[in-house]
Each structure stands twice: as C-alpha cells, then as structure tokens.
Amino acid sequence: MSLDSLKARVPDHAKDLKLNLGSVIGNSDLPAQQLWGTVLATAIAARSTVVLRELAPEAKANLSPEAYTAAKAAAAVMSMNNVFYRTRHLLSDHEYGTLRAGLRMNVIGNPGVDKVDFELWSFAVSAINGCGMCLDSHEQVLRKAGLEREVIQEAFKIASVVQAVAVTLEAEAVLADVE
C-alpha cells in the first residue's frame with residue numbers, strides 16, 4: 001500500500017491525475033510533516049476507502065504519532081466546521097451569523113503539533129469540502145504566520161488531486177459493476 005500502488009490503480013483515461021499525484025506528493029517541496037499531514041487529512045476528507053487505504057500507511061510512516069493523530073483530528077473537526085460555516089454563509093438570513101455556534105472544537109486551539117501545520121491541514125480539508133469562510137479564515141492565519149502563497153497552494157493542489165483520484169476510482173468501481 002503506497003503512493004505507487006495508488007498511481008497504478010488510476011485508469012489510463014485519467015493519466016493526468018496519475019502524473020499529478022506523483023508530482024504533488026512525490027515531488028513536493030513541503031516539509032514531510034506538512035506534506036504527509038495534508039495527504040492524510042485530504043485522503044480522509046475525500047471519503048474513498050481505496051485512497052485512504054493506499055495513502056494512510058505511508059502517511060503513518062512519515063509522521064510522528066502526534067502528527068498522525070492531529071491530521072486525523074483536522075479532518076474530523078473540519079468535516080463538522082465546513083458544513084456548519086458553509087451553511088451559515090449560504091443562508092440568506094444573516095442573523096444565523098450572530099448566533100453562538102455552541103460546537104466544541106478544542107483541538108483547533110491545542111492540536112498537539114505545530115499550529116501552522118494543523119492550520120494547513122484544516123485549510124486543505126476545507127478546500128475539498130468547499131467552505132469559503134473556512135478557506136479564508138485558515139488562509140489568513142497561515143499568511144499571518146508567514147507562509148507564502150506557493151506553500152498554501154501546494155496544500156490545495158494536493159487536496160484537488162487526492163479528491164480527483166478518489167472520485168475517479170470510486171466511479172471506476174461502480175462502472176465496473178454496470179458495464
């Protein structure tokens with residue numbers, strides 16, 4: 001189970017995804033913890049059993065136990081926050097924005113790893129889940145912490161490719177049953 005094994009599963013008609021997967025993960029300039037935390041968090045957010053089974057062991061091998069847990073925590077808390085804040089933003093009644101959220105999200109304040117890494121993972125998950133408010137919020141925190149736009153873009157490039165591979169492989173599994 002590995003990046004190479006996942007790439008081998010990508011069908012020929014999605015060759016660009018295979019190449020991009022190798023590029024955004026295999027040739028990333030991100031430090032290992034940022035890279036593999038982003039990979040794990042986005043693999044969880046992409047909701048593909050195949051993608052997660054292939055990438056999680058490699059992420060685990062490249063992350064400390066604390067970072068591995070924190071990346072999983074980023075995916076978990078952002079799956080909640082992305083729905084909540086995206087819904088709040090999309091509602092035409094802006095009074096919802098004045099109401100107390102009342103949701104626990106303590107892990108954001110104390111993720112057990114460098115806060116910038118956790119923010120980057122949260123940002124990448126938000127890219128998959130499409131929450132503009134969360135994207136803006138995390139991007140601002142990352143920029144304030146000194147991360148360059150190119151680094152932040154690496155995270156959403158990883159998110160976009162992991163999501164695309166997940167969608168493609170899930171579709172292929174369904175199509176194999178109907179063709």
Side-chain angles (χ1 to χ4, degrees), residues 25 28 30-149 151-167 170:
I25 297 174
S28 176
L30 291 176
Q33 181 163 297
Q34 287 182 352
L35 170 65
W36 287 103
T38 301
V39 169
L40 179 61
T42 58
I44 293 168
R47 299 172 185 91
S48 166
T49 304
V50 172
V51 169
L52 188 55
R53 279 191 179 138
E54 293 294 346
L55 294 177
E58 204 161 344
K60 193 169 196 168
N62 283 282
L63 293 168
S64 68
E66 296 81 13
Y68 187 81
T69 298
K72 293 191 308 181
V77 75
M78 294 317 298
S79 69
M80 174 186 70
N81 284 357
N82 293 156
V83 170
F84 181 82
Y85 287 105
R86 183 179 63 237
T87 301
R88 195 184 246 190
H89 175 75
L90 292 172
L91 286 169
S92 58
D93 183 347
H94 297 288
E95 290 298 314
Y96 288 99
T98 66
L99 300 176
R100 182 178 168 288
L103 298 172
R104 296 210 181 261
M105 35 188 118
N106 295 329
V107 72
I108 293 172
N110 187 18
V113 295
D114 186 301
K115 182 101 165 103
V116 170
D117 294 350
F118 191 83
E119 288 287 334
L120 190 68
W121 305 336
S122 297
F123 173 86
V125 170
S126 297
I128 288 176
N129 292 331
C131 180
M133 287 183 69
C134 295
L135 285 167
D136 283 341
S137 175
H138 293 291
E139 190 267 349
Q140 289 171 10
V141 170
L142 291 166
R143 294 287 292 142
K144 189 174 181 178
L147 260 68
E148 298 293 327
R149 284 179 180 87
V151 172
I152 296 168
Q153 181 171 286
E154 282 293 311
F156 67 86
K157 283 170 58 177
I158 292 167
S160 66
V161 173
V162 168
Q163 173 69 7
V165 169
V167 167
E170 293 299 311

Rounded to the nearest 0.5 Å, what separates atom [atom1] in [X] from atom [atom2] in [Y]?
{"X": "Ser126", "Y": "Phe156", "atom1": "OG", "atom2": "CZ", "value": "13.0 Å"}
{"X": "Asp93", "Y": "Arg88", "atom1": "CG", "atom2": "CZ", "value": "11.5 Å"}
{"X": "Ile158", "Y": "Gln163", "atom1": "CD1", "atom2": "CD", "value": "14.0 Å"}

Check whether any side-chain heavy atom of [X] sits under 4.5 Å from a side-chain heavy atom of [Y], and report yes or no.
{"X": "Trp121", "Y": "Val113", "result": "yes"}
{"X": "Leu55", "Y": "Leu40", "result": "no"}
{"X": "Tyr85", "Y": "Met78", "result": "no"}
{"X": "Leu147", "Y": "Phe123", "result": "no"}
{"X": "His138", "Y": "Cys134", "result": "yes"}
{"X": "Asn62", "Y": "Leu35", "result": "no"}
{"X": "Thr42", "Y": "Val161", "result": "no"}

What are the two closest non-hydrogen atoms of [X] and [Y], and how far apart are they?
{"X": "Gly130", "Y": "Arg86", "answer": "O-CD, 3.4 Å"}
{"X": "Ala59", "Y": "Tyr68", "answer": "C-CD1, 4.3 Å"}
{"X": "Ser64", "Y": "Gln33", "answer": "OG-OE1, 4.3 Å"}
{"X": "Thr38", "Y": "Leu120", "answer": "OG1-CD2, 4.0 Å"}
{"X": "Ala71", "Y": "Ala41", "answer": "O-CB, 3.7 Å"}
{"X": "Ala46", "Y": "Ala166", "answer": "CB-CB, 3.6 Å"}

Quiz prompt | Listed partners of Ser122 passing side chain to side chain donor-acceptor pair (under 3.5 Å), at least two apart | solution = none
Exercise. Under the side chain to side chain donor-acceptor pair (under 3.5 Å) rule, collect the residues that match up with Asn81, sequence neighbours excluded.
Key: none
Judged by atom type as modelled, is there a donor-acceptor pair below 3.5 Å linking the side chain of [X] to the main-chain atoms of [Y]?
{"X": "Arg143", "Y": "Ile152", "result": "no"}
{"X": "Asn129", "Y": "Cys131", "result": "no"}
{"X": "Thr98", "Y": "Glu95", "result": "yes"}

Self-check item: Criterion side-chain contact (heavy atoms from CB on, under 4.5 Å) against Ile44, the qualifying member of Val125, Val39, Leu52
Solution: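 Going through the options one by one, the only one that passes is Leu52.
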Can you give the donor-acceptor pairs under 3.5 Å from side chains of residues 102-109 to other protein atoms, not counting sequence neighbours?
none

Quiz item: Got a sec, which residues hit salt bridge (Lys or Arg N to Asp or Glu O under 4.0 Å) with Lys157, two or more places apart in sequence or on another chain?
Solution: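 Partners of Lys157 by the salt bridge (Lys or Arg N to Asp or Glu O under 4.0 Å) criterion, ordered by chain and then number, come out as Glu154.
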Quiz item: Who pairs with Lys115 by salt bridge (Lys or Arg N to Asp or Glu O under 4.0 Å), at least two apart in sequence or on another chain?
Solution: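 Once residues adjacent in sequence are excluded, the partners of Lys115 under the salt bridge (Lys or Arg N to Asp or Glu O under 4.0 Å) criterion are Glu119.
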Exercise. Start with the C-alpha gap between Gln153 and Glu148, add the side-chain angles, then the distance that decides, and say whether side chain to side chain contact (heavy atoms under 4.5 Å, CB included) holds.
Key: CA-CA 9 Å; Gln153 181 171 286; Glu148 298 293 327; over 6 Å; no
Quiz item: Which pairs pass salt bridge (charged side-chain N to carboxylate O under 4.0 Å, His left out) with one or both residues in residues 62-75, sequence neighbours excluded?
Solution: none
